[in-house]
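The structure presented is a predicted model; accordingly, all values stated were derived computationally and were not measured. What's counted below: heavy atoms across the whole structure, side chains too, no hydrogens, waters or symmetry copies. Numbering of ligands and ligand atoms starts at 1, following listing order.
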Amino acid sequence: MKVTVVGAGNVGATCADVLAYREIANEVVLLDIKEGVAEGKALDIWQKAPINLYDTRTVGSTNDYAKTAGSDVVVITSGLPRKPGMTRDDLIQTNAGIVKSVTENVVKHSPDAIIIIVSNPLDVMTYQAHITSKFPRTRVMGMAGILDTARYRAFLAEALNVSPKDIQAVLMGGHGDTMVPLPRYTTVGGIPVTELIGKEELDAIIQRTKTGGGELVKLMGTSAWYAPGSAAAQMVEAIARDQRRVFPVCIKLEGEYGIKDCYLGVPVILGKNGVEKVIELDLNAEEMALLKVSEGHVKEVMTVLDNLA
Ligand code: LMR
C-alpha cells in the first residue's frame with residue numbers, strides 16, 4: 001500500500017506520521033511545494049521509526065509527483081489554513097486553484113488512486129477534486145465527518161466524565177456551522193445520550209461542535225492539525241485494511257436523502273474500493289430540515305466555485 005500525502009504542513013505531516021507509526025501503509029510519500037520541507041519531515045518521521053518501532057518507509061518530495069506514482073490513496077491537505085476572523089469559505093479563491101492543480105498531478109501519476117480531501121472549504125474542495133479528476137464519486141471523498149464527530153464525542157465524554165471510546169455518534173451535512181449532529185443517533189456504551197444528559201447541556205455541546213474548528217483557530221491563530229490529520233489517517237486505514245468502517249464522509253449525493261449534485265457528509269461504509277455504500281438514515285422532519293439548510297449553504301459555495309472557473 002502506497003499512500004501520498006500532498007501538503008507537508010501541520011495537517012499533512014500529522015497524517016503522514018500516523019500512517020507511518022501505525023503501519024497503515026508500506027510507503028508514505030509526503031509532498032510539498034516548499035523546497036526541502038517534505039523531505040525534512042519525512043526524514044524526521046523515518047528517524048522516529050527505531051524509537052516507535054515501525055517500518056513504514058517515509059519519503060519526501062519537493063513537488064516531484066513522479067515519486068508519488070502508483071499511489072493507492074492520496075490525501076490532499078494543500079492550501080492555506082484560515083486565520084482568526086475568517087470562515088472556511090473565505091479560502092475558496094486561493095485553495096480552489098491549488099486543489100485543482102494538485103488533483104491534475106494526482107490523476108496523471110496515480111490514475112487508480114482513491115482521493116481524500118482535507119483542504120478547506122472541505123465540501124467544495126471535494127467538488128473541485130471530483131470534477132477535475134473525473135474519477136467515480138466512490139473514489140473522491142472529503143474528510144470532515146470523522147473530525148466533527150470526534151469533537152462532539154470528546155465534548156460529550158468530558159461532560160459525562162466517561163471514556164470517549166464509548167461514545168458513538170453520527171454527524172451529517174457540510175463542514176461548517178450548518179453541520180448536523182444527530183442526538184437521536186448518539187449513544188454512550190449503547191445508552192441513548194438523551195438519557196444521560198439534559199437538553200440544554202446537549203444543545204450547548206452541539207453548538208460548540210459546530211464552531212469547534214473556529215474555537216481552535218481563535219486559540220492558536222491557525223487551524224487545528226492533530227485531530228484533522230489523525231481523522232484523514234483513519235480513513236486511509238479503513239481503505240488500506242478493507243475494514244468496511246462506518247464513518248461520516250463527504251461525497252457527491254446522487255439522490256440519497258432526496259439531494260442531488262451536492263457534496264455533503266453522510267454515513268458511508270469505507271473499504272478497499274473507497275465508499276462502498278452510502279447509508280441512508282430515516283431522518284425525521286427536523287433533522288431533514290437541518291440537512292436541507294446545510295445543502296443550501298454548500299450549494300451556494302459550489303456556485304462560487306463555478307463562477308471562479
Ligand atoms: C477544522 O475544522 O479544524 C478544519 O476545518 C480547519 C478549520 O479552519 O477549522
Can you name the atoms of ligand 1, numbered from 1 with element, that are less than 4.0 Å from a heavy atom of [X]?
{"X": "Arg82", "answer": "7 (C), 8 (O), 9 (O)"}
{"X": "His175", "answer": "1 (C), 2 (O), 4 (C), 5 (O)"}
{"X": "Ala224", "answer": "3 (O)"}

of all protein heavy atoms, closest to atom 3 (O) of ligand 1 is Arg151 NH2, 2.7 Å

- Query: So, Thr132 versus Glu104: side-chain donor-acceptor pair below 3.5 Å or not?
  - Reply: no

- Query: Salt bridge between Asp32 and Lys41, side-chain N to carboxylate O under 4.0 Å?
  - Reply: no

Hey, can you tell me if Tyr21 and Tyr54 have their rings parallel, tilted or perpendicular (30° and 60° cut-offs)? tilted

Legend entry - N/O separation below 3.5 Å, Asp148 to ligand 1: no

Is there a side-chain contact between Thr4 and Ser110 (heavy atoms, below 4.5 Å)? no

Around Gln93, counting heavy atoms of other residues, nucleotides and ligands shown, do more than 12 lie under 6.0 Å from its CD? no

Is the number of heavy atoms from other residues, nucleotides or ligands under 6.0 Å of Lys299 NZ greater than 12? yes

Does ligand 1 have a heavy atom under 4.0 Å from the side chain of [X], from its backbone, from both, or from neither?
{"X": "Met179", "result": "neither"}
{"X": "Leu147", "result": "side chain"}
{"X": "Asn120", "result": "side chain"}

